[in-house]
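Below is one structure, written out as structure tokens; the observations come after it.
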Amino acid sequence: MRLPAAVLILMVLACLAAPVISPYSPDETRPEAVSQPPSSTHWLGTDYLGRDVLARLLYGGQRTLFVAGAATLLAALSSVILVTASLVVPFVAGIVYIVARAVLAFPMFIFVLLLLLVAGRHDVGIILALGLGQVAGFVTLLRVQAGITLSRDYVTASAALGATRQHLVHTHIRRDTWPTVMWYTSVIFAYTIGSMATLGFLGIDPQPGRAEWGAMLAEARYTAVVAPWGVLAPASAIAGAIWSVQRIGVLIHRQHL
Amino acid sequence: MRQHLVLLITGLIFSLVLNISPASVQGVNRIVYGLTLSVSGIDPHINQSSELGIVLRQVYDTLTYRSPGDNAIVPGLASSWEINEDGTQYTFRLRDDVVFHDGTPFNAQAVAANIDRILDPALGSQKARPLLGPMIGYEVVDDFTISFVLSQPYSPLLDALSQVYLGIASPAALERYASDPVLYQFHQIGTGPFIFVEYLPEDRIVLRRNPAYQWGPDFYANMPVGNIDEIEFRYFTDPATRAISLLNGDAHIMGEILPSEARRLSGSSEIQLMPVAIPGQPTQFYFNTQLPPTNRTEFRQALIHATNRSAIVEAVYQGFSPVAWGPLTAATLYYAPSVFGAYNYDVVQAEQLLTSIGAVDTDGDGVREYEGAPIRLRLIQPPWGLVPQVVQLMRDQWRIVGIDVEILAVPGFTSLVELVNSGDFHLVEFETSGLDPAFLSTRYISGQPANWTGFSNEQLDALLQNATISNELAQRASLYEQAQILIMQQALILPIRDIVNINAYVSGIEGLIFDSYGWFPLLYGLSYNPPA
Amino acid sequence: MIQRRLLYEALQLFITTWLAVTIVFLLLRAMPGNILVAQLEESGASAETIAAAVQQFGLDKALHIQYADSLLNMIRGTFGRSLSSGIPVGMLLQQRVVNSLIMVGSAFMLSSITAGLVAWLAHQSAPIYQRLIDAACAVIFSLPAFWIGTLILMLNLSTLRVPQSSLLLPVTVLWLQMTGLILTTLRQSLTILSGEAHVAFARSKGLPEHYVFRRHILPMAAIMAASVMGNHLAVLMGSTVSVEVLFGQPGLGSLLLKAVLERDYFTAQGAVVVIVLLASLFSFTARVITVWIDPRLRHSL
């Protein structure tokens, strides 16, 4: 079923069409109208600074989906390239895995924080930090998966028959690891969104105040009881995005089988 | 077989996890007081946080006290004092009936030992030493008389001596433990109404009532002794869950409740609110007078006019804090009411001022240009005290008059200081608290490292310096009034709100009062009688 | 053979720790300022006082000497003192290590069991229930830890009223998150493996489903789960920050975060070393389990 794809596409389109859907700016504060419930003027109500929740949701979605998507792609592509290189050129493998193992033991959150402090407050810095922070885990996972494949009898047989490393990688390993890649990419996607929210919670968000689903979640805690719509909106959006990305991954895999 | 093992382990873990909770105390009236910031250094002679003050105010007595009602300086461990003619020598007569928690008698030699420690530069005292100002030494006249010697007159001295950072510790404890400053923190022995019992760094501090306490300041005489036997201080660093913790019974008293939560709880029968005005500086932004365009007085004035502080106070602080008009809050000594209304919210006036210095929007993009460049103010924003919310509102308000803001969010104090030192900023949010406005000297006198405005003015320097030399109330009041007016005329700061600490406690708590400095509770008379 | 393997692991551990300390050392010194100087300056301390304090902590020596000192101290196991409080870093670490281990360890054990059970149940249920379980996982996943924690706090307030000082609440949050992760991993592997040739073959031989599950499917799935968890635990040792801050439980994560933000050099270095050691221990265990399940993998790991 193409339901999850439809959901995702609908989300992206809605966010891109933000100026069309909502007449409000996501940053405009209205101190006289804080924490208003949903009404005909503000379809999803206002938050604790009087900002229109729907506008923040749509414009914020642009940022969340872009940053999380870019970081996830960066992580996935880097990891696949690194692992492929390691499998084809054994020399590279040693370096990659030792460094990956070391980086992996290093607490990821601090790694991301340090990268952010160095790389700066702009979106590029955040994408780099969140994306690169996931590479070590991804690479290690793929290595295990590749290892499983390599240990299979039919692969051993194939090698005995004289198949080159490239052939093994292209034919067997790629086919076997593909579902894992798809699936773990969706996991990373979820992590990235969660990390962006946690940065806000811990008070180390490099761009505080900018509309973004995770930041909205973090800010809404202060008035959660009084204004639950400030929470429900971003939470549902995040859940919806993560669910659809995961389902798409699963369905692509099934088709591939 | 393997499954049984797994279940066994699970069971063990469960019991372990559930047992990590405080043992229930039988027959002892113990309450939990919630602190809001986890601090790792709690030596009042060395460290400067208000958290340590909240705890240790109960453990130490000071030579003088301030009476909570009228802020008058009253005798504490010193029963009387004399100041010599030129204000450079203070002679204290000490009480002779005081005993430290370890049995050591209190006397002039004990005070001397404390002063030795604080004045020693090797100690690295962050607050106690600076509070003593130009003090250079002492003279022990007899067992119960001691003179403090200053290099020049310093009127805030008596006020300094009433602060917990100059609490008098047992000389025996100092001798035994002070050589290791870390070990010393675990063995703090004073003369106060509560005894320091247990300290688990960043976890909890436990105090127990001192049954021998007879030498409190006079204002305790009118107060019934509370029925609390023990106080446990724990940390509740997440603002959004403080109210929940109170309602859940995890704490009985808590400070720094979020204004929105306080609003919600105002009608509650389970929780009582106690907002306390904190003397000192208001929530404010220092202007950097060394960087254009904030180097222009008119520009700074325009910004203040363009800020709708009433709206901010209402939206962010839910009306619990009043608008601030000057460099001191209304609860501070020598606050000058004449600064009230200094810059009211007036967008038209703001725009006139901006245009008058040539800040005009030449390219129609909604942002004014000044000296050829669009105005984009760099604002250093710390995460505490709801400042980020204030900044969001300010940014929108300034956009109306065509000024753009780049928010430099810093995660903590260290990064804030470093950014300030770089000089590349226009505004920075920071404030200190204190009852005697002597702290203005470190912040506004020319060339002081903590003078972040970079403002240099002989007249202001003279006013502030003379104000700490003069010992006459009326003269000090006049000098500080002139200083406050001058600071606001020059628009050196953008004041937002007087700081109000919203405390809350569960029903059944009685006798909770706060001292004149606002942050520190006096728990001598605290009782807890849980409603049936 | 085993000795060589262990030697290799030890070398790996050494490199990892060294790399972690070096990264923290370089990056923290590269950022300007530290909490010691900042605190003293702000309180108006004199230049001599600041200089004396700096010298006391050895921060006035040349950078490479400080680096060498740090490494030596790591080896000796003395971590120095915190710049913000003067308390020996070892003392700060002691209680926090215990807390972190209990939180992470119990959550891991509980979630492994829960996830395994739910995965097995799901495997046998109708697709509609499987989809529901997957959706529930997605929801848990999409809520960051601090939000799950806040919800639990509110829930706790209206129902159980467990005291906040017990570790039960933070463990619950971690348990939920980990269960979500392990469960998705298991579901994913199970879906893949169910369709594999050797499984179909086993089924076609008429073997009962639960036997097929235990002998053929579960081991492979467990390997994947173990690797993911091994990775994740390494991440988690530092990332319990949210839970620690929310529930006010001192742990390694919040210690490290605070130290990094304050540029409290020695605390940060000490905390990182401990976290790295524990994380390496966990991932090593994960790999041992993996090889124990399927010995053919021991060469590729």
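Chain letters run A, B, ... following the sequence lines, proteins first and then strands; every chain starts at 1.
Interface remark: C:Met103 contributes no atoms to any contact with chain B (heavy atom separation under 4.5 Å). For C:Gln95, the part sitting under 4.5 Å from any heavy atom of chain B is the side chain, from C-beta outward, and nothing else. Neither the backbone nor the side chain of B:Asp43 comes within less than 4.5 Å of any heavy atom in chain C. Interface remark: B:Phe186 contributes side-chain atoms only to the contact with chain C (heavy atom separation under 4.5 Å).
Per-residue heavy-atom pair counts under 4.5 Å with chain B were compared for C:Leu261, C:Leu255, C:Leu36, and the maximum is reached by C:Leu261. Taking B:Thr241, B:Asp180, B:Leu247, B:Asp203 one by one and counting their heavy-atom pairs under 4.5 Å with chain C, the maximum is reached by B:Leu247.
The side-chain contact (heavy atoms from CB on, under 4.5 Å) search around C:Gln94 returns none, not counting sequence neighbours. Residues satisfying the side-chain contact (heavy atoms from CB on, under 4.5 Å) criterion with B:Asp120, sequence neighbours excluded, are B:Ala122.
Atom CE of C:Met154 and atom CG of B:Asn248 lie 12.5 Å apart (nearest 0.5 Å). Summarising the geometry, atom CD belonging to C:Glu244 is positioned 13.5 Å from atom CG belonging to B:Asp238; distances are rounded to the nearest 0.5 Å.
Summarising the geometry of C:Leu153 relative to B:Ile244, their closest heavy-atom pair is O-CG2, 4.1 Å, with the distance given to 0.1 Å.
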Could you go through the side-chain contact (heavy atoms from CB on, under 4.5 Å) check for B:Ser415 and C:Glu262 one step at a time?
CA-CA 7 Å; B:Ser415 337; C:Glu262 291 182 343; over 6 Å; no
